[in-house]
Amino acid sequence: GWAAPILARQSGLKTAQALSDLTDHWLRTLWTQALPPALRDDLSLFAIGSYGRQELAFFSDIDLLIALHDPHLASQPELALAIERFITWARQPRLRLSHAVRTAQQTRELLATDDLHSAIALIDLRPLTAPAPVEEFTPDFVINYLRKDDEGRSFVHALFQGHRLRVERQGQTVYLL
């Protein structure tokens, strides 16, 4: 089957790369079929999180960001239908797929909150389809935003604080895995 070439005596990292490449191709194909040509220049599809880093494993979550370049299209029924069709088709094989649809402004607003989980996922932003680069949808933009005025010290402090809270709540679970 399709897995044999991926698993043929490859290291874990090469397997993750091969799974990511296969998933990229599959999602790009679905994207092209689901979106009418008139919308393709107004939307970009990005892999984020571990999928964005190309560290995909069997049964991994597939996290996607759909970037809307023209905020005026958000109310268009044709856009909603196209995105719904794409997501429905992508979930057909029962993959654990999650997605967000955001404009550049919504991305800036998300980063202005202290939602570290989303911010960290955006650091690993990797374009699958991107007709034109948009600053807010680049890893450098996210990293520079997280560095803010203090060279990232508050971001690192928040990461350590989150880690301490998880250890207090759940113990050293990393050693139990």
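Values below: all heavy atoms of this structure, side chains included; hydrogens, waters and symmetry mates excluded. Counting begins at 1 with the first residue of the sequence.
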Would you tabulate the side-chain donor-acceptor contacts of residues 28-39 under 3.5 Å, counting partners in other chains and residues two or more places apart, or write 'none'?
| residue | atom | partner | partner atom | Å |
| --- | --- | --- | --- | --- |
| R28 | NE | L128 | O | 2.8 |
| T29 | OG1 | H25 | O | 2.9 |
| W31 | NE1 | T129 | OG1 | 3.2 |
| T32 | OG1 | R28 | O | 2.9 |

Do [X] and [Y] come within less than 4.5 Å of each other through their side chains, counting heavy atoms only?
X: D61; Y: Y51; answer: no
X: Y145; Y: L122; answer: no
X: I48; Y: L64; answer: no

### Task
Report the residues that fulfil salt bridge (Lys or Arg N to Asp or Glu O under 4.0 Å) with D124, sequence neighbours left out, ordered by chain and then residue number.
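So D124 forms a salt bridge (Lys or Arg N to Asp or Glu O under 4.0 Å) with R53.
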Closest heavy-atom contact between [X] and [Y]?
X: V101; Y: Q106; answer: O-OE1, 3.8 Å
X: W26; Y: A90; answer: CH2-O, 3.1 Å
X: S44; Y: H69; answer: OG-NE2, 2.6 Å
X: Q54; Y: D24; answer: NE2-OD2, 4.0 Å

### Query
With distance as the sole test, does R102 use its side chain to make a donor-acceptor pair with the main-chain N or O of L65 at under 3.5 Å?
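Here the side-chain-to-backbone pair does not exist.
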### Query
For L165, does the CG atom have more than 12 heavy-atom neighbours from other residues, nucleotides or ligands under 6.0 Å away?
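Counting neighbours around CG of L165, more than 12 heavy atoms of other residues, nucleotides or ligands fall under 6.0 Å, so yes.
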Considering only distance and modelled atom types, tabulate donor-acceptor pairs under 3.5 Å from the side chains of residues 71-88, sequence neighbours left out.
| residue | atom | partner | partner atom | Å |
| --- | --- | --- | --- | --- |
| H72 | ND1 | D70 | OD1 | 3.1 |
| T88 | OG1 | E84 | O | 2.7 |

